[in-house]
Amino acid sequence: MKPIIPPQNLTELLERAHMMAGISLAQIAAQRGIPVPKDLKHDKGWIGQLVEMELGATAGSKPEQDFFTFRR
């Protein structure tokens with residue numbers, strides 16, 4: 001699985017979010033080669049991790065911002 005480069009600015013982040021609109025989580029996971037859990041009760045953080053990865057977030061579970069502060 002190829003890592004996703006973090007977005008360089010707010011516009012790029014928003015473009016990534018718009019590209020995800022209308023696509024199922026299963027489709028995103030399949031594109032990334034990530035198996036979909038059978039029971040999200042036991043993998044409740046899976047959805048957030050998948051979305052963060054697709055958007056290029058880098059913090060993971062660390063207590064820090066996922067994206068640097070974008071300048072307008």
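- Across all their heavy atoms, G56 and P7 have their closest contact at O-CD, 3.9 Å.
- For residues 7-21, the set of pairs meeting the salt bridge (Lys or Arg N to Asp or Glu O under 4.0 Å) definition, not counting sequence neighbours, comprises E12-R16.
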Next on the checklist: Pair M53, I34 - check side chain to side chain contact (heavy atoms under 4.5 Å, CB included), show working.
Outcome noted: CA-CA 11 Å; M53 182 183 63; I34 299 170; 2.9 Å; yes

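- Hydrophobic clustering (ILVMFWY, side-chain heavy atoms < 4.5 Å, transitive): L40 and I28 are in one cluster.
- By the side chain to side chain contact (heavy atoms under 4.5 Å, CB included) test, L25 is found to be paired with W46, I47, L50, V51, residues two or more places apart in sequence or in another chain being considered.
- Here the NE2-CG distance, from H18 to L13, works out to 9.5 Å after rounding to the nearest 0.5 Å.
- Applying the salt bridge (Lys or Arg N to Asp or Glu O under 4.0 Å) rule to pairs touching residues 18-27 yields nothing, sequence neighbours excluded.
- For A26, the side chain to side chain contact (heavy atoms under 4.5 Å, CB included) partners at least two apart in sequence or on another chain are S24, V36.
- Pairs passing the salt bridge (Lys or Arg N to Asp or Glu O under 4.0 Å) check and including a residue from residues 33-47, sequence neighbours excluded, do not occur.
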